[in-house]
Amino acid sequence: MSQKPSVPKGTRDFLPVEMAGRNHIFDTIRNVFDLYGYVPIETPAMENLSSLLGKYGEEGDKLLFRILNSGDFMGKLPEKTKSSGNSSILANMICDRGLRYDLTVPFARFVVQHRSKLTFPFKRYQIQPVWRADRPQKGRYREFHQCDVDVIGSDSLLNEVELARIIDDVFVRLGVKVVIKLNNRKVLTGIAGMIGQQDKLTAITVAIDKLEKIGLDGVCLEMAEKGISPEAIDKLKPLIVMTGSNSEKLEKLAALFDIEGPGREGTREMKEVLDMLSLLEIKNRVEFDVALARGLNYYTGTIFEVKSADVEIGSICGGGRYDDLTGVFGQEGLSGVGISFGADRIYDVMMQTGGFPSAVSASTRLMFVNFGKKEAAACLLLLEKLCKSGISAELYPDSVKLKKQMQYANNLNIPFVAMIGEQELKDGTVTLKDMKTGAQQTIPQEELAAKLE
RNA sequence: GUGGUCGUAGCUCAGCAGGUUAGAGCGUCAGAUUGUGGCUCUGAAGGUCGCCGGUUCGAAUCCGGUCUUCCACCCCA
C-alpha cells in the first residue's frame, strides 16, 4: 500500500454536492455585487513579502505563509546567519514572496500600481482564496475564500450605506438571518481620549471587542492587566454596556464628548449613516454597538461586522473604512471603505440551518440508457437536439446491465430516463421514464424535447 | 504560537484492568430479477486498529514521539 493520501492541515477538498452549495453562495454574492455597480478584478495568489509584511500587525506577520526562494539560496547566505539558528531572520533572507493574507492589502497595491488606468471612485469586487497559518478550528481554515467589495477614492458616507444595503441584500437572498453591527473607530478614539488613555487605544479596543465572550468583568480585568487605570475603567464601564435604541445610545454618547474632536465626529458620522439606512427597507437588524472594535488596525472610520442570528461561528462578514490604506504603497489621501464576505463560514451557517434550496444540486435532467452501438447512435442524435435546446442530458457511456445504468441515474437524482432499445429503434420511438413516480410511456422520438419542457 | 482532545472497514461507531481467526449498522459488489432504479431477501469482498519507536513472552489496548481532527487561548472570515 502507498501512503495515505491527504491534504495539508486546515485545507479541504470539495465534493460535487458541496460545490453546488458553494457556487450558490458565490453566484448570489457576485450577482449582488454586479447589481450595485462594482467591477471584478483578480490579483495573484502570491505577493512580494514586502507588500504584505507589517500590514496586519505583529500577529498577522506570524500568520503569513512564506514561499521559499528557488535556486541555491543557502549558498549565498553569510555563514553567521546560517549558524545563528534564528529562524525568523533566516526566513526573511530566503523568502521573498508569500501567499496573500487577505484581499484588501493586495487591492491597495493594485490601486497604486494601476491608478492611471482606473476611474475614481473605483468600485471593485474580488472573490478569491486567501491563506492564513492559523491553527484550524470550527469555522477557521488555513485556506478560505473572501468576497471583497470596496470603493476607493470617495469620502462619502453614501458608500457605507451602499455596503449595508449589499450586506442585507446578499443575506436576504441566501436566506440567512443576520445582525449587522456598526460602529465608528473615531467613537472609540473619542472614548479613549475622554478617559485620558489615547495611547492605550489598541488595548482598549481589543478588550472591548471581547465583551460578548468574556463579559464586562472579563473586559475590565483585561484592561487592568494592560495597565489601564481603575478610574479610567470605571468611566468606561457604563459606556460599553449602554442600552437603548441606536439613536438613544448615540445621543447619550455624543453628549459626553467635546464639541470638537474625534468622538463627536464619530457619532455624527454614525448618525448620518443610520439615519439614511432608516429610510430604506433593510430586512435584517442594524445595530450600533460601541463594543464593536475589530482587530485590523488600518480602520479609521465606520466598522462593519455581520453575525449569524442563528449559529455561533464568529463573524461571517466584516469590514470598514480606512482613510489611507494606499499610503504605504506611495499614494496618500485615498480613502476607501469595504467589506468582505466569508464564503466558507456562510456555507457552514447554511448547512447548520438546513438552508440550500434543493434545485441547487440538480444537474442532468435526462439520461439515455445505452443498449449497444446502434441504439446509442440513435440516442446521440436526440441528445444533440436536447442539449441545443438547453435541456441538460447525457448518454450512459457503456452498454452495461440496465440495472447498473438505472442505479446510476437514481444515485445522481436524474429525474428522467429515456430508453431506445431494439423495439423503439424499429418504431422510431423512445420510452421515457419518470424516476420519481416510476411511470413510463413510449412516445415518438420527435416529441421527447416537448415532454421535458 | 500555548494548553487540551480525537484517530479501528468507504462512512458512523463498538471492542480495550494487554492474551487464539478485530465486530456491528450503513454503503459497495454479486445473485434472487438476462429491458427497469428506490423496497425486500441471500451471499461476498473490504482492516499492517493514523504513522514511527519503546515496554512486554505477547500491544488496537500501556508509554514516548509525530501527523491529523476538534476545542480553549491568541487572533480572525
Side-chain angles (χ1 to χ4, degrees), chain A residues 1-12 15 25 29 56-64 87-88 101-104 127-148 167 178 202 205-207 209-210 213-214 218 222 293-297 304-308 312-319 338-349 367 369-372 375 396 399-425 430-440 442:
Chain A
M1 267 291 269
S2 54
Q3 62 169 26
K4 243 185 195 169
S6 63
V7 294
K9 186 200 276 222
T11 66
R12 299 151 300 155
L15 293 167
I25 293 171
I29 290 175
Y56 309 104
E58 213 177 303
E59 204 61 41
D61 286 356
K62 278 192 224 156
L63 299 180
L64 283 171
S87 49
S88 69
Y101 176 93
D102 72 358
L103 300 178
T104 307
I127 299 175
Q128 291 192 275
V130 302
W131 294 269
R132 294 182 189 179
D134 221 345
R135 195 169 278 204
Q137 270 180 50
K138 186 133 225 124
R140 175 178 296 192
Y141 308 101
R142 285 185 156 183
E143 177 184 60
F144 60 98
H145 276 74
Q146 290 196 325
C147 313
D148 272 39
I167 292 171
V178 297
T202 307
T205 53
V206 167
D209 205 33
K210 293 179 194 160
K213 206 172 207 173
I214 59 179
E222 176 156 337
R294 297 192 57 78
L296 290 175
N297 41 25
F304 296 90
E305 182 160 288
V306 181
K307 289 195 154 176
S308 161
E312 196 60 50
I313 196 170
S315 59
I316 54 180
C317 177
I339 50 172
S340 179
F341 291 81
D344 303 77
R345 283 190 179 172
I346 294 172
Y347 179 89
D348 291 345
V349 168
M367 184 198 84
V369 170
N370 188 331
F371 282 113
E375 293 86 345
Y396 196 88
S399 172
V400 295
K401 269 189 294 194
L402 222 207
K403 184 188 173 91
K404 173 122 182 136
Q405 302 191 40
M406 294 299 282
Q407 246 166 23
Y408 172 86
N410 192 55
N411 289 348
L412 266 56
N413 280 316
I414 296 173
F416 295 99
V417 168
M419 283 169 281
I420 297 180
E422 215 178 325
Q423 192 59 45
E424 288 92 344
L425 199 58
V430 53
T431 298
L432 180 65
K433 174 165 181 143
D434 181 332
M435 292 296 278
K436 199 157 234 158
T437 61
Q440 61 185 57
T442 304

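Lettering of chains follows the sequences in order, A, B, ..., and the numbering in each one begins at 1.
When heavy atoms are screened at a 4.0 angstrom cut-off, G438(A) is found touching base atoms of the nucleic acid. Backbone-only engagement by C317(A) is indicated by non-hydrogen atom pairs under 4.0 Å involving sugar-phosphate atoms exclusively. Across all strands, K210(A) comes closer than 4.0 Å only to sugar-phosphate atoms, never to a base (heavy-atom distances). At a threshold of 4.0 angstrom between heavy atoms, the contacts of G57(A) with the nucleic acid are absent.
One atom, CD of E59(A), and another, C1' of C73(B), lie 11 Å apart when rounded to the nearest Å. Distance Y141(A) OH to C75(B) C1': 17 Å, rounded to the nearest Å. One interatomic measurement links the two molecules: CG of N411(A) to C1' of U36(B), which rounds to 15 Å at whole-angstrom precision. In this structure, CD of E58(A) is placed 17 Å from C1' of C76(B), rounded to the nearest angstrom. Residue R345(A) contributes atom CZ, which lies 10 Å from atom C1' of C75(B) at whole-angstrom precision. Remark: P of C74(B) and CG of D209(A) are 11 Å apart, rounded to the nearest angstrom. Between M435(A) atom CE and U36(B) atom P there is a gap of 13 Å when expressed in whole angstrom units. Distance I339(A) CD1 to C76(B) C1': 17 Å, rounded to the nearest Å.
Considering only residues two or more places apart in sequence or on other chains, T431(A) meets the side-chain hydrogen bond (donor to acceptor under 3.5 Å, both in side chains) condition with E424(A), T442(A). Taking P129(A) as the reference, R100(A), W131(A), E143(A), H145(A) meet the side chain to side chain contact (heavy atoms under 4.5 Å, CB included) condition, with sequence neighbours excluded. For N410(A), the side chain to side chain contact (heavy atoms under 4.5 Å, CB included) partners at least two apart in sequence or on another chain are M435(A). Y408(A) pairs by the ring pair (Phe, Tyr, Trp, His ring centres under 6.0 Å) definition with Y396(A), not counting sequence neighbours. Applying the side-chain hydrogen bond (donor to acceptor under 3.5 Å, both in side chains) rule to D348(A) yields the partners Y141(A); only residues at least two apart in sequence or on another chain are considered. Partners of T104(A) under the side-chain hydrogen bond (donor to acceptor under 3.5 Å, both in side chains) rule, at least two apart in sequence or in another chain, are D148(A). Residues satisfying the side-chain hydrogen bond (donor to acceptor under 3.5 Å, both in side chains) test with E222(A), not counting sequence neighbours, are K210(A). By the salt bridge (Lys or Arg N to Asp or Glu O under 4.0 Å) test, K433(A) is found to be paired with no residue, residues two or more places apart in sequence or in another chain being considered.
Rounded to the nearest 0.5 Å, atoms CE (M367(A)) and CE (M406(A)) are 7.0 Å apart.
One C1' atom belongs to A45(B), the other to G3(B), and the distance between them is 44 Å to the nearest Å. Comparing the same atom, P, in U8(B) and in C51(B) gives a spacing of 10 Å after rounding to whole Å. When the C1' atom is compared between G54(B) and C11(B), the two are found 33 Å apart, to the nearest whole Å. Using atom C1' as the reference point in both G47(B) and G10(B), the two lie 12 Å apart (nearest Å). Comparing the C1' positions of C62(B) and C49(B) gives a spacing of 15 Å, expressed to the nearest Å. Taking the C1' atoms as reference points, A24(B) lies 24 Å from G18(B), given to the whole Å.
The side-chain heavy atoms of F371(A) and M419(A), taken from C-beta on, include a pair separated by under 4.5 Å. F341(A) places none of its side-chain heavy atoms less than 4.5 Å from the side chain of I316(A). Between S340(A) and D102(A) there is no side-chain heavy-atom pair separated by less than 4.5 Å.
Under the 90° criterion around 0 for the glycosidic angle, A17(B) counts as syn.
Here F341(A) does not count as stacked on A77(B), because the ring centres are not under 5.5 angstrom apart with planes under 30°.
No side-chain donor-acceptor contact under 3.5 Å links D134(A) to the backbone of P136(A). The backbone N or O of G139(A) lies less than 3.5 Å from a partner atom in the side chain of R345(A), making a donor-acceptor pair.
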Atom pairs, N/O to N/O, protein against nucleotides 33-35 of chain B, distance under 3.5 Å?
residue: G35(B); atom: O6; partner: E422(A); partner atom: N; Å: 3.3
residue: G35(B); atom: O6; partner: E424(A); partner atom: OE1; Å: 2.9
residue: G35(B); atom: N1; partner: E424(A); partner atom: OE1; Å: 3.0
residue: G35(B); atom: N1; partner: E424(A); partner atom: OE2; Å: 3.0
residue: G35(B); atom: N2; partner: E424(A); partner atom: OE2; Å: 3.1

Report each atom pair, protein N/O against N/O of nucleotides 67-69 of chain B, whose distance is under 3.5 angstrom.
residue: U69(B); atom: OP1; partner: G10(A); partner atom: N; Å: 3.3

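Stem analysis of RNA chain B (Watson-Crick or G-U pairs, both distances under 3.5 Å, runs of at least three) returns B:1-4 with B:70-73, B:10-13 with B:23-26, B:28-32 with B:40-44, B:50-54 with B:62-66.
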Letter per nucleotide, 5' to 3', of nucleotides 1-7 of chain B [B base touched, S only sugar-phosphate touched, - untouched; heavy atoms, 4.0 Å]: BBB----
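In this structure, K436(A) does not reach the G38(B) phosphate: none of its side-chain N or O atoms is under 4.0 Å from OP1 or OP2.
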